[in-house]
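Structure, as structure tokens:
Computed from a predicted structure; not experimentally measured.
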Amino acid sequence: MTLVFKTSEEYNQLSQTPPLQSRNGISQMLVAKHYFSPTTAALLVALVPTLLFGQAITDTSNSKFAVVEPVPLNEVRWTDGFWADRVDTCHNKSIPTMWALMRDGTYKPFLEHFLIAGGKAEGDYHGAQWNDGDFYKWLEAAIATYAVTQDQTLGEAIETSIAAIAAAQREDGYIHTPVLIRERNGDTSAKPFENRLNFEMYNMGHLMTTACLHYRLTQKTDLLDAAEKAARFMIKTFENPSPELARNAVCPSHYMGAIELYRTTGKPEYLKLAQTFLDMRNLVTEGGDDNQDLVPFVEQKEAVGHAVRANYLYAGAADLYAETGDKSLLEPLQAIWENLVQKKLYITGACGALYDGASPDGSANQAHITRTHQSFGRNYQLPTTTAHNETCANIAGAMWNWRMFLLTGEAKYVDLVELALYNSILSGVSLDGTEYFYVNPLRVVDPLPVELRYPRTRQKFFTSFCCPPNVVRTIAELSGYAYSKSNDSVYVNLYGSNTLNTTLGDAPLKITQTTNYPWDGRVTLTIDECPSKEFSLKLRIPGWSEGATIEINGKPVTETILSSEYFEIRRPWKTGDVVTLDLPMPAQLIEAHPLVEETQHQVAIKRGPIVYCLESADLPKDVQLEDVVIPADAKLTTKFDSDLLGGVEVVETEALVEPTTDWGSELYRPKLPAEAKTIPLRLIPYYAWANRGAGEMTVWLPVK
């Protein structure tokens, strides 16, 4: 692929466009590091004012049927500790290395696809159909990070990207580089929505979400204008959809995108567009569970099919309910959530158990059974070694739970957001922030029992590159999940050392949170500035906790403190008030429902929000993973090891080793006696596995 520049002057002026008028009347100039000379770029950056209007990722501040609104991203700063370290790694390693990969086309073109589509380079399309969406997700991560850090190099990368996107877009608003490049290269057969698996809607959905965040945080309209043009194109295209056209709903990020566009602009046509997207599903004929269109959404009761597609659908439906209050949407959402949590969710918060399956499995109406891909299995079907658990599915599940919390204010949804964040989402990226998992199994053996897609070591790149930028944007936006608020209440959702600088009503509110969570359950909240009127501080008491205690200025609270609830402290506050929350977090043996066949007579170890695992790196050389057995009365102790895996709290115990002889080709054999011995055992947090090279790992261990 070749970039075409006739002169250095053409290079320096490649994407130069007239100034764009922002909504507050201030002229903004696009600045592109790779389109202008360094001197020119630096001058333009210096001239352009940066306006930060703090806004949330999911803005429910004006949503009539949402109970809670998030706190804007740039009103929370992680100061030190667990999440501060991850956010710092994201900023300094993940985002810049991913930008270099996407900018330079190290593996596949990303930025270059937009340049080719816009006539700024020559070449063909080389990549997955959803790579535009991957680029938008990286851009969203960069925007969220820039809002907090004001990293100028990152700001230039953002402007470079936006300029390329705007140049690629057709006049009618259509933007999908696989088709646009074919058109530019003379393919007269190239046209929109030829194949629902081209992921056009998915890509444009991520464009809309990213554009809304960009406008909220900067008040610049360049990316928002592109998103609105794309939305208007879809309004026209789907004005009278046919059943075939209605099938373009794969991985429906566009539901969330249209709602955020409505929330950002206030234009009702975008809310109507989101409703159209959902209503179109009813037109689909010969649908299937893989894309959740076998039956209308309002009739669904179970989590089925492709887990990413499903969770995006559920998140989008929750967003639509927040604006319309349509109870026909809330009823299936609650039923599906209960099915997922009670029968289809992994202990790590992961979901989407199967690489490939069939659904509805075992149905008497066999004509309705469809192939399903990286999907939910049947109830209690939660394999460990062959678990799929795509990182994107785990992130989408957290997005859905977050929206359910915004609708209800119920702590149980944030419990699941936290569970996924610490385990099945964070496991998707290496400790150094540069390598990624696509799948997140709960057991790894060598050799595997069957050949499976995707490796058991993290990689810098996958052809299906959806997960890496997704996990990066999730970490970049963590501050948006830490707190939320209503008219006279502040919800403390996530625990970690940070500062909150927001308003409640019209009055400033500043809180400093200090803690060594998740390694220690003691959390201190200091009121640095607050409204004169009384208000509520609501502390999430996690579902895993028992015996939580709270003190206010050193005086114990005597009211009952319930797990998986928000404990409300309503009073007139004053500067200097201190609230101390203590969450006991002993390590515990956890068992699964007996219908989860693969984990019968096995236990996992969990401490606070952290799920632990055993890696072969922590076993003696003569001990195999399958030989280790946990005593039912095992005493579990914990110790912080600052030299291990960036600093982790490990769980230590004694285990039995019952050596097994080689099986050979036998499938069954008589039970052979084994002489057990005792060994010391060390377990590490699941999120940190596979950071010491290839090896075996298991979350579940036999219990005796």
To the nearest 0.5 angstrom, please state how far the NE2 atom of His91 sits from the OG1 atom of Thr149.
4.0 Å
For a 4.5 angstrom cut-off between non-hydrogen side-chain atoms, does Thr221 reach Tyr215?
yes
Would you confirm whether Arg77, through its side chain, and Asn74, through its main-chain N or O, come within 3.5 Å as a donor-acceptor pair?
yes
Could you walk me through whether Gln129 and Tyr202 pass the side chain to side chain donor-acceptor pair (under 3.5 Å) test, one step at a time?
CA-CA 10 Å; Gln129 297 293 318; Tyr202 167 85; over 6 Å; no
Test side chain to side chain donor-acceptor pair (under 3.5 Å) on Asp134 and Asn131; report intermediate values, then the result.
CA-CA 5 Å; Asp134 302 340; Asn131 281 168; 2.9 Å; yes
Measuring only between side-chain heavy atoms, which start at C-beta, is Val429 closer than 4.5 Å to Thr89?
no
Distance-minimising heavy-atom pair for Pro70 and Gly480
CB-O, 4.0 Å
Stepwise, does the side chain to side chain donor-acceptor pair (under 3.5 Å) test hold for Asn493 with Ser484?
CA-CA 7 Å; Asn493 303 320; Ser484 51; 3.2 Å; yes
Taking only Lys NZ, Arg NE, NH1 and NH2, and the carboxylate oxygens of Asp or Glu, determine whether Glu269 and Lys267 approach each other closer than 4.0 Å.
no
Taking the side chain as everything from C-beta on, heavy atoms only, tell me whether Phe465 gets closer than 4.5 Å to Lys108.
no
Please test Cys351 against Leu340 for side chain to side chain contact (heavy atoms under 4.5 Å, CB included), starting from the C-alpha separation and ending with a verdict.
CA-CA 8 Å; Cys351 59; Leu340 171 62; 4.2 Å; yes
Between Arg103 and Thr160, does the side chain to side chain contact (heavy atoms under 4.5 Å, CB included) criterion hold? Intermediate values first, please.
CA-CA 10 Å; Arg103 179 195 64 210; Thr160 296; over 6 Å; no
How long is the straight-line distance from OG1 of Thr503 back to CG of Leu509, given to the nearest 0.5 Å?
8.5 Å
Side chains of His214 and Leu224: closer than 4.5 Å at any heavy-atom pair?
no
Smallest separation among heavy atoms of Asn394 and Ala420, with atom names
O-CB, 4.3 Å
Which atom names give the shortest non-hydrogen contact between Val472 and Ala141, and what distance separates them?
CG1-CB, 3.7 Å
Sidechain-backbone polar pair: Asn203 side chain, Glu200 backbone, donor-acceptor under 3.5 Å:
no
Pair Glu228-Tyr270, side chain to side chain donor-acceptor pair (under 3.5 Å): steps then yes or no:
CA-CA 9 Å; Glu228 287 202 73; Tyr270 301 141; 2.5 Å; yes
Got a donor-acceptor contact below 3.5 angstrom from the Asn423 side chain to the Pro609 backbone?
yes
Has the side chain of Asn282 got a donor or acceptor atom that lies under 3.5 Å from a matching backbone atom of Pro296?
no
Short side-chain donor-acceptor distance under 3.5 Å, Tyr495 and Glu418:
no
Using the ring pair (Phe, Tyr, Trp, His ring centres under 6.0 Å) rule, pick out the option among Tyr321, Phe376, Trp400 that qualifies with Tyr314.
Trp400
If we ignore hydrogens and angles and just use 3.5 Å, is the side chain of Tyr436 paired with the main-chain N or O of Gly433 as donor and acceptor?
yes
Heavy atoms of Val87 and Ile475 approach each other most closely as CG2-O, 3.8 Å
Which residues pass the side-chain contact (heavy atoms from CB on, under 4.5 Å) test with Glu183, not counting sequence neighbours?
Arg170, Val179, Leu180, Ala190
Heavy atoms, side chains only, cut-off 4.5 Å: are Asp151 and Thr145 in contact?
no
Sort out for me which residue in Phe199, Phe114, Phe110 forms a ring pair (Phe, Tyr, Trp, His ring centres under 6.0 Å) with Tyr136.
Phe114
In short, Ala226 meets Gln169 closest at the heavy-atom pair O-NE2, 2.9 Å
Treating Lys137 as the side-chain partner and Cys466 as the backbone partner, does any N or O pair qualify as donor plus acceptor under 3.5 Å?
yes
Roughly how far, to the nearest 0.5 Å, is the CG atom of Asn198 from the CG atom of Asp132?
11.0 Å
Under 30°, 30 to 60°, or over 60°: which ring-plane class applies to Trp402 and Phe405, parallel, tilted or perpendicular?
tilted
Gap separating the CG atom of Leu273 from the CG atom of Leu261, nearest 0.5 angstrom:
8.5 Å
Going from CZ on Arg247 to OG on Ser242, what distance comes out if it is rounded to the nearest 0.5 angstrom?
11.0 Å
Should the heavy atoms of other residues, nucleotides or ligands under 6.0 Å from NZ of Lys301 be counted, would the total exceed 12?
yes
side-chain contact (heavy atoms from CB on, under 4.5 Å) partners for Leu278, two or more places apart
Tyr255, Arg281, Phe297, Leu313, Leu320, Leu329
Is any NZ, NE, NH1 or NH2 atom of the basic residue among Glu302 and Lys344 found under 4.0 Å from an Asp or Glu carboxylate oxygen of the other?
yes
So for atom CG, which belongs to Asn195, do other residues, nucleotides or ligands contribute more than 12 heavy atoms lying within a distance under 6.0 Å?
yes
So which pairs with a foot in residues 306-327 pass salt bridge (Lys or Arg N to Asp or Glu O under 4.0 Å), sequence neighbours left out?
Arg263-Asp319, Arg263-Glu323, Asp290-Arg309, Asp319-Arg403
Go through Leu73 and Glu477 one step at a time and tell me if the side chain to side chain contact (heavy atoms under 4.5 Å, CB included) criterion holds.
CA-CA 7 Å; Leu73 286 173; Glu477 295 172 345; 4.1 Å; yes
Can you tell me which residue among Gln513, Lys538, Glu75 is in a side chain to side chain donor-acceptor pair (under 3.5 Å) with Tyr483?
Gln513
His373 vs His306 aromatic rings, parallel, tilted or perpendicular, using cut-offs 30° and 60°?
perpendicular
Ser161 to Leu139 - nearest heavy-atom pair and separation
CB-CD1, 4.0 Å
Rounded to the nearest 0.5 Å, the NZ atom of Lys220 sits from the CG atom of Leu217 at a distance of 11.5 Å
Which is it for Glu260 and Arg216 under the side chain to side chain contact (heavy atoms under 4.5 Å, CB included) test, yes or no, and what are the steps along the way?
CA-CA 11 Å; Glu260 290 307 322; Arg216 291 169 185 166; 2.5 Å; yes
Tell me, please, which residues at least two apart from Trp337 pass side-chain hydrogen bond (donor to acceptor under 3.5 Å, both in side chains).
Asn401
Restricting to side-chain hydrogen bond (donor to acceptor under 3.5 Å, both in side chains), what partner residues turn up for Trp83, sequence neighbours left out?
Tyr422
Under the side-chain contact (heavy atoms from CB on, under 4.5 Å) test, residues paired with Thr209 that sit two or more places apart:
Glu140
